[in-house]
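Reading through the structure tokens given below for one structure.
By convention in this document, chain letters (A, B, ...) are assigned in the order of the sequence lines, proteins followed by strands, and residues within each chain are numbered from 1.
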Amino acid sequence: MTGPRAVEDEQTVPIGSNDDVVRARQTVRTYAQQCGLSLVDQTKLVTAASELARNTLVYGGGGRMRCATVRNGARVGVHAVFEDNGPGIPDLDLALTDGWTSGSGMGLGLSGARRLVDEFALHSEPGSGTKVSVTKWAR
Amino acid sequence: MTGPRAVEDEQTVPIGSNDDVVRARQTVRTYAQQCGLSLVDQTKLVTAASELARNTLVYGGGGRMRCATVRNGARVGVHAVFEDNGPGIPDLDLALTDGWTSGSGMGLGLSGARRLVDEFALHSEPGSGTKVSVTKWAR
Amino acid sequence: MSERVPVLKLGQVLLVSIQVDLEDQIVLDLQDDLAERIVSTGATGVVIDITALEIVDSFVGRMLANTAAISRMLDAETVVVGMRPAVAITLVELGLSLGGVRTALTLEKGLALLERDRTVRTGRP
Amino acid sequence: MSERVPVLKLGQVLLVSIQVDLEDQIVLDLQDDLAERIVSTGATGVVIDITALEIVDSFVGRMLANTAAISRMLDAETVVVGMRPAVAITLVELGLSLGGVRTALTLEKGLALLERDRTVRTGRP
Ligand SMILES: Nc1ncnc2c1ncn2[C@@H]1O[C@H](COP(=O)(O)OP(=O)(O)O)[C@@H](O)[C@H]1O
Ligand SMILES: Nc1ncnc2c1ncn2[C@@H]1O[C@H](COP(=O)(O)OP(=O)(O)O)[C@@H](O)[C@H]1O
């Protein structure tokens with residue numbers, strides 16, 4: 001489904017505080033604007049990033065976001081990866097269920113973020129962290 | 001359950017774009033009208049076809065629909081097969097659960113399509129594609 | 001692919017009449033256009049006329065439900081008019097009952113419903 | 001970190017205008033401040049202006065829903081004004097439709113809505 005890709009201009013934002021979550025949102029917005037995403041698509045991607053960055057902080061105990069421009073033939077998009085070395089997620093299907101939270105959230109972060117982007121991948125090993133990758137393509 | 005059958009007038013519609021999904025719906029409607037399905041049954045079958053054709057495109061990465069008239073003794077009906085060489089479905093039971101989606105759908109395509117037709121078969125091998133066959137008989 | 005469904009303005013109401021079998025991207029564009037137009041025009045109601053639609057699958061059904069929810073957040077009420085009996089039967093069997101979506105049988109009834117609403121909400125006709 | 005969003009008083013109404021991308025703790029503080037101020041001022045309405053907000057995620061969305069519920073319990077009505085179309089579209093897709101939150105397109109409309117409400121509730125203009 002996904003052909004060869006070129007990843008460009010990668011930038012890393014550490015996520016260790018609430019301020020960093022704001023910075024992660026702003027970084028993703030800059031990339032989204034540069035890639036020419038529509039206003040609605042920018043809004044969807046930045047919202048997804050906000051949810052995922054908060055999870056990295058709150059559940060992952062902090063980590064980092066890597067953001068980049070991605071090209072696939074003529075298509076251009078934004079790719080963002082959220083990583084932490086936290087406790088991981090024991091049951092991925094459960095975590096992806098609308099409304100399920102182990103904390104005090106609304107349980108819409110993971111499932112909602114998945115709906116807001118074009119590509120979504122979640123990897124997690126209990127004990128060794130969590131990695132969520134998302135991509136949104138310009139139309 | 002299903003005795004000897006004759007399959008007639010088979011037609012193939014490639015499914016590689018959103019436009020093709022529209023074409024698949026229209027093809028199935030033409031067959032349903034020719035077979036004398038009631039208006040409600042036409043609507044059910046075309047709706048099921050729409051769900052399955054979209055899955056072929058979105059999850060299967062494209063494929064084809066074969067549509068035909070089918071006879072069994074005095075009965076006449078419409079038979080449609082949706083095939084792709086995509087990633088396949090790892091857990092068929094889960095995929096057939098109302099509300100379950102691996103993407104951003106409503107998770108009603110497979111389960112709903114099954115309710116809307118008279119016969120439903122789903123075959124999938126992870127790594128080698130998916131095939132869904134449906135039949136609706138005129139009453 | 002640059003095809004778009006026209007959105008008409010009728011007083012305080014935006015009116016969309018879906019005339020043909022739409023491909024998915026056009027359905028999504030319509031949802032976004034409606035949100036945009038509600039805000040730019042200050043419309044208080046949206047009528048989506050699906051009289052011509054022979055089927056409503058889960059994709060279009062979701063668009064109708066989303067549009068109702070989006071417009072509510074933008075302080076406008078959505079009414080879907082003209083649903084065929086076969087479509088209603090099929091939607092329920094599919095598993096979608098469009099709980100949050102208001103419906104009326106005809107365009108006239110839909111407009112009357114929005115008018116009544118507005119009178120109640122604003123206290124003036 | 002001692003930053004706080006200012007809460008203005010305009011007659012019977014508390015007005016908050018969120019001007020920048022807020023970090024989570026400031027969002028929580030705002031929710032608490034509003035509850036405090038409703039009681040200390042006897043305000044009957046709260047207007048939260050989100051015109052400047054480029055996104056509303058589930059955290060801010062929950063604050064808006066909570067503030068509406070809290071103020072209702074303290075006998076004040078909350079109206080969220082200025083939501084952008086792209087924000088409404090995104091919230092619905094996220095799965096949050098803010099059912100209990102009243103909205104208006106502009107500050108003027110929001111204030112008018114609260115005024116109307118007050119007239120209905122108190123029986124005097
Ligand atoms: N980075 C992470 N590390 C560990 N657990 C996580 C992480 N992200 C999400 N989770 C788990 O998945 C659950 C669901 O996440 P989410 O859908 O974002 O909802 P919420 O953030 O409201 O809890 C969380 O409650 C948490 O248990
Ligand atoms: N042709 C296919 N190839 C691979 N996976 C499929 C295919 N059709 C369906 N699936 C899987 O089954 C899930 C459920 O499908 P469905 O009930 O149609 O819901 P939705 O289309 O809303 O996701 C999909 O999310 C997908 O993971």
Side-chain angles (χ1 to χ4, degrees), chain A residues 13 15-30 32-33 37-59 62 82 96-101 103-118 120 134 136 139, chain D residues 1-5 17-33 35 48-70 80-101 103 105:
Chain A
V13 178
I15 299 178
S17 71
N18 285 332
D19 277 343
D20 292 334
V21 174
V22 174
R23 244 184 305 279
R25 284 201 282 265
Q26 288 165 348
T27 303
V28 172
R29 174 169 297 279
T30 305
Q33 284 167 344
L37 263 64
S38 72
L39 192 61
V40 171
D41 283 344
Q42 283 178 34
T43 306
K44 288 182 178 178
L45 178 63
V46 176
T47 304
S50 181
E51 299 292 341
L52 299 173
R54 182 178 297 109
N55 282 353
T56 299
L57 178 67
V58 173
Y59 300 112
F82 301 81
L96 280 163
T97 303
D98 266 351
W100 190 86
T101 177
S104 56
M106 304 205 73
L108 293 173
L110 286 177
S111 53
R114 177 163 71 166
R115 282 189 291 269
L116 291 170
V117 299
D118 294 322
F120 179 94
V134 298
K136 187 108 188 154
R139 264 165 251 281
Chain D
M1 293 292 280
S2 70
E3 212 183 316
R4 275 186 128 81
V5 181
S17 176
I18 303 181
Q19 294 296 341
V20 292
D21 190 341
L22 300 178
E23 55 116 318
D24 291 359
Q25 189 53 51
I26 298 179
V27 172
L28 290 180
D29 291 344
L30 173 58
Q31 180 181 305
D32 296 353
D33 285 353
I48 304 179
D49 181 1
I50 61 169
T51 310
L53 279 195
E54 292 179 324
I55 72 151
V56 171
D57 63 11
S58 70
F59 195 85
V60 171
R62 186 164 62 140
M63 182 276 279
L64 296 175
N66 283 356
T67 299
I70 292 167
V80 171
V81 305
M83 188 184 290
R84 301 179 179 199
V87 168
I89 292 167
T90 299
L91 273 173
V92 168
E93 194 115 341
L94 191 62
L96 246 180
S97 49
L98 300 185
V101 179
T103 53
L105 288 187

Checklist entry - What part of Leu96(D) gets closer than 4.5 Å to chain A, counting heavy atoms only: side chain, backbone, both or neither? => result both
Checklist outcome for this item: Hits for side chain to side chain contact (heavy atoms under 4.5 Å, CB included) against Phe59(D), two or more places apart or cross-chain, chain-then-number order -> Arg54(A), Asp24(D), Val27(D), Leu28(D), Asp57(D), Arg62(D)
Checklist entry - Measuring heavy-atom distances to chain D, does Ala48(A) have an atom under 4.5 Å in its side chain, in its backbone, in both, or in neither? => result neither
Next on the checklist: Distance check, rounded to the nearest 0.5 Å: Ile50(D) atom CD1 versus Thr103(D) atom OG1?
Outcome noted: 9.0 Å
Checklist entry - What pairs with Asp21(D) under salt bridge (charged side-chain N to carboxylate O under 4.0 Å, His left out), at least two apart in sequence or on another chain? => result Arg25(A)
Next on the checklist: Using only atom types and a distance under 3.5 Å, with no angle test, would you say the side chain of Gln42(A) pairs donor to acceptor with the backbone of Leu37(A)?
Outcome noted: yes
Next on the checklist: Quick check against the 3.5 Å criterion: does Ser97(D) have a side-chain atom that pairs as donor or acceptor with the backbone of Gly99(D)?
Outcome noted: no
Item to check | Val21(A) portion near chain D, given a 4.5 angstrom heavy-atom threshold | outcome: neither
Checklist entry - Which of the residues Lys44(A), Gln26(A), Arg29(A) is involved in the greatest number of heavy-atom pairs with chain D at under 4.5 angstrom? => result Arg29(A)
Checklist entry - Where on Val60(D) is there a heavy atom nearer than 4.5 Å to chain A: the side chain, the backbone, both, or neither? => result neither
